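So the structure is just underneath, and the comments pick up after that.
Each chain gets a letter, A, B and so on, in the order the sequences are listed, and its residues count up from 1. As the structure is a prediction and not an experimental result, all values here were calculated from the model.
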Amino acid sequence: MEKADIPVVKRSLFSWVFAGNVKLQILLLLIIVVMVAARVLPLEMQKRIVNEAINLRNVDLLFLYSGIYLGAVVFFSVLKYLISIIQTLITQRTTARMRKSLYRHILTLPLSFFRNTQPGMVVNSLSAELTVPGNFAGMAVAAPVTNLLTLLAFAAYLFWLNPLLAAVSLSIYPIVIFLIPVLQKGVNRYNKKRVDAARKFSARIAEAISGIHEIQGNGAYRIENRKYDALVNRLLKIRIFWSLYRFGVKSANGFFTSLGPFLVFILGGWLTIKGQLELGALVAFLSAQERLFDPWKELIEFYQVYQDGKVTYNRTMEYYDFEPEYALEPKDRKPFELDGSVQVKDLSFVTETGIRLLDGINVSLQAGEHLALVGFSGSGKSTLALCIGQLYKYTGGHVLIGEQEVSDLTKKDMVNNIGIVAQNPFIFDGTIEENLLYSCMARVNGSGRDSEGLPTLDDIIAVLQQTGIFVDVLRFGMNTILAHDENKDLVNVIIRVRENFQRDFGEELADYVEFFDENKYLHYSSVAENLIFGTPNKNAFATANLCNNPYFLNFLKQADLTRPLLSLSAELARQTVDILGNLPPESVFFEQSPIGPDELEEFKLLVERLRRTKLHELSAEHHEQLLDLALRFVPGVHKMVALPAILENLILEARAMFRENIVKDDPEAITFYQVTEYIYSQTILNNIFFGKTKTANPQAQEKINQSIVQLLIAEDLLETIIEIGMHYQVGTKGDKLSGGQQQKLAIARIFLKRPRILIMDEATSALDNKSQTRIQNLLETRWKKKNTVISVVHRLDTIKNYDQVAVMKAGKILEIGTYDELIARKGMLYELVGKK
Amino acid sequence: MNSSEKNENNPSSELEENLEILRQTYFFSGLPLEALKVFAYLCTREKFKKDEYLFRQHEDDGRAFYIITGSASLEREDNGGAREIRDCNVGEFLGGLTLLGEVRRLFSLRATEDTICLVLEREKFTKALKQFPDIMPRIFKAVAKNIDSWEERFLADRADMCGECMENLGVSLI
């Protein structure tokens, strides 16, 4: 099994060969032994066929020997295939194991390591670089054993046939054995260079791509090309030399081994002519000798894979050969349950380049006390908080948590006792729920919602409310489109309350909601929705399929809509590409775009074509693409194009026409919007409204939320919606959430863990006043005297009730005490607060 | 309001109108068209009913406003009492500084009639700014110049009415 004690970066390449593969490797060995036997047999048969069957003109013997020959060949092929399968298994499993172990190690490396490492570099190491060593592990047993055994077997057979001939023809190999390593050294030298150059090359690409706006902004194509070309040229040169050496090995090997038959012809031919050797024996000898070549070649290839693998492997492991600053888990004890006291004594923190970020810091906190750190940015307040939280390794003095020195604690000890909300919290791709449970899950080592020790739904809802993200989650829930037959109860309630809701809130919300009205154009619905005005029950009428639904296309033609829609769409595509063409695929840019980030490239091409071609000359495919875009156009959202009044009227008329037609032709196809039916193509909120929200204005949202919450409470549906909302996908790096939402989510995930010591590093900077106040009140009422809080503060109006306030400047604490004491002292805090 | 109601007789899109507006504000007027289009695209229009607040004192709402129609009253609460500072009318742009960094409002802005504003949020502005890093200096210049000329005007027109406040002049010296 894998050795847990030796860090992955210290493991030798050979240690992977058997790690976790013992059974497979043994099985492999057994098969190889049998296979080698099956390999020599045909040679003997070959000799007997010539010497006995053909010479004696015995047909029975001919069939017998040929039969055995065939059997042996088939058997050999089957075994060979089996070996390949096992080798592949070992290779892939080992590569996967290396990747997992190395990744595990990389995640634990000190933060300083990552400041100097490009993400592209790590990607390259974990993907490309580890494949060669993986290949080696697959071959490490099979290749040398198979080929050595085969060589030995053939050599023995040769000696048995004719010792003199055998000795002469094998005399070449010692020369090869001497020569190859010499050449291989050259290969290795260039391989090392190649790995380094490839690394620089990847890092360069990664840097250029992430800085692409800079390059394009500056039109610095030539500069970047020069930098890149230089690296490519260097790589080219190295690769050529590398290949030359590699082929040198191959050619030298090929040349010397083909000298073998030459010697046999001369010597064997002479012996046969002299009658000292049977012709059959000479044939067998030649044939056996020829077969020496394959295992020998494979052996040399293996040798090369081994050398390459070793070089790449060592290079990769060396790069990551840093000790994690802290052990992950305690070995001979349970993780500490620390009390919440914090003692900082004469703490200093000096960077590698000698800059003193913290100097002579002394702070003492009883369990349950709250400390505010204030000062200008750069004063060291965040650094101090992060030193206490073990994210920075302090270089002098002490930090004691519950009497334990922080630098001696394991990560597990810290995680079990401390929670840190970072200045710029990171939200991971996944659902709200997964992000909420991130810290708790990490603490209990859980793998899913059902893991033991995780908070209950009630706990979660309480924290959602405390941090103020409740309304956001509620909105996500309300904006969910339910699948058919999902949440039947909810659906029934919504239909039931819809009319009451409209009666009670309709007027108040009329400014913010566009109600579905058969006789009005819906500016916040798509053209398709405006035409169909119902939920499609057949796939062919789903919005995405309309542009290739012949019935619908025919209808558009009859309604005189095809041309105007195409022309509208062309303008829409032009404008959208013009604005968004060079922007990254972040949701903030695409929220108001009819074209998604994945489609942008296609539409760029289309727009390019439109520049040169008239609309009616476009291909059918392009027409389809444009029509699809037109049908998605929502004038109230996609502001780059205005919907002409004439077209609006045409569409409105077409709506009635479509209804008339489809009721006649295919009455099952569409369920028209009506107050008595749930609309499955619309969100829950739109279903309650029987309309669509017009605005994202916060005040409007708040009014909508208030009325919706009232309704949900009355109908006992709040929890259901919150649960649905927690399945909202937040996008890569949480980019579908606003900065405030991200911060609230980050606070919520730590609150949910309820750590003994809470470190907040400007954790509420992106929040609105209300949320900040709410969280501050919560800390004061629910956390004080129970949980220790260290808060790096960016707003001075929140610090009055902290037990201690420390004012920092240039890495030192200038003054520390209660708010009132410091104000009375008329020192630095007094100045900062701006009292006159 | 929505685009088609407004565009009944005018085929220009809301985006084009936004663009025209931004080009008239000191904050955006010096920017290249490519960036300006993106900002115009990221703006939204919001309607405030009479007596609704566009923003409130002490809050960091992180939004800049341009009044398209209607009017609003700038107010400040001091020692318990609210004071009207002045009226803000059509064409006024408020909140350039809020786009640049976290600042809490020193005033409240209340709609005195139904008002429609063009609104740009700091978060969107910041994300877009990352795509056009070279325009940052232009914005800084515009803001610095605006502060300077504001104080210059103030000194020219009102300095003699200042009395005790005199010693607090010099915002352009920050």
(request) Determine the minimum heavy-atom distance between Asp735(A) and Lys127(B), stating which atoms define it. (result) O-NZ, 4.4 Å

(request) Taking all heavy atoms of Ala642(A) and all of Ser13(B), pick out the closest pair and write down the distance. (result) N-CB, 3.7 Å

(request) Return the option, out of Asn18(B), Asp134(B), Val38(B), with the maximum number of heavy-atom pairs under 4.5 Å with chain A. (result) Val38(B)

Which region of [X], side chain (C-beta onward) or backbone (N, CA, C, O), has a non-hydrogen atom less than 4.5 Å from a non-hydrogen atom of chain B, or is it both or neither?
{"X": "Tyr512(A)", "value": "side chain"}
{"X": "Leu580(A)", "value": "side chain"}
{"X": "Gln575(A)", "value": "side chain"}

Which region of [X], side chain (C-beta onward) or backbone (N, CA, C, O), has a non-hydrogen atom less than 4.5 Å from a non-hydrogen atom of chain A, or is it both or neither?
{"X": "Arg63(B)", "result": "side chain"}
{"X": "Lys49(B)", "result": "side chain"}
{"X": "Ala40(B)", "result": "neither"}
{"X": "Glu123(B)", "result": "side chain"}
{"X": "Cys117(B)", "result": "neither"}

I need the [X] [atom1] to [Y] [atom2] distance, nearest 0.5 Å.
{"X": "Lys639(A)", "Y": "Arg45(B)", "atom1": "NZ", "atom2": "CZ", "value": "7.0 Å"}
{"X": "Phe132(B)", "Y": "Leu583(A)", "atom1": "CZ", "atom2": "CG", "value": "5.5 Å"}
{"X": "Glu586(A)", "Y": "Gln131(B)", "atom1": "CD", "atom2": "CD", "value": "6.0 Å"}
{"X": "Lys124(B)", "Y": "Gln592(A)", "atom1": "NZ", "atom2": "CD", "value": "4.5 Å"}
{"X": "Met640(A)", "Y": "Glu14(B)", "atom1": "CE", "atom2": "CD", "value": "11.0 Å"}

(message) Assess the residue pair Asp797(A) and His58(B) against the criterion (side chain to side chain contact (heavy atoms under 4.5 Å, CB included)); give the C-alpha distance rounded to whole Å, side-chain angles, the decisive distance to 0.1 Å, and a yes or no.
(response) CA-CA 11 Å; Asp797(A) 54 349; His58(B) 305 305; over 6 Å; no

(message) For a 4.5 angstrom cut-off between non-hydrogen side-chain atoms, does Arg795(A) reach Arg104(B)?
(response) yes

(request) Report yes if the side chains of Glu34(B) and Asn582(A) come closer than 4.5 Å at any heavy-atom pair, otherwise no. (result) yes

(message) Under the criterion side chain to side chain contact (heavy atoms under 4.5 Å, CB included), I'd like the reasoning laid out for Lys47(B) against Lys694(A): C-alpha separation, chi angles, the key distance, then a yes or no.
(response) CA-CA 11 Å; Lys47(B) 189 171 176 177; Lys694(A) 289 199 264 189; over 6 Å; no

Within a 6.0 Å radius of atom [atom1] on [X], are there more than 12 heavy atoms belonging to other residues, nucleotides or ligands?
{"X": "Leu33(B)", "atom1": "CG", "answer": "yes"}
{"X": "Ile85(B)", "atom1": "CD1", "answer": "yes"}
{"X": "Tyr26(B)", "atom1": "OH", "answer": "yes"}
{"X": "Arg76(B)", "atom1": "CZ", "answer": "yes"}

(request) Flag the one option from Ser738(A), Ser593(A), Gly740(A) with the top tally of heavy-atom pairs under 4.5 Å to chain B. (result) Ser738(A)

(request) Kindly say whether Phe589(A) contributes a backbone atom to a donor-acceptor pair with the side chain of Tyr41(B) at under 3.5 angstrom? (result) yes

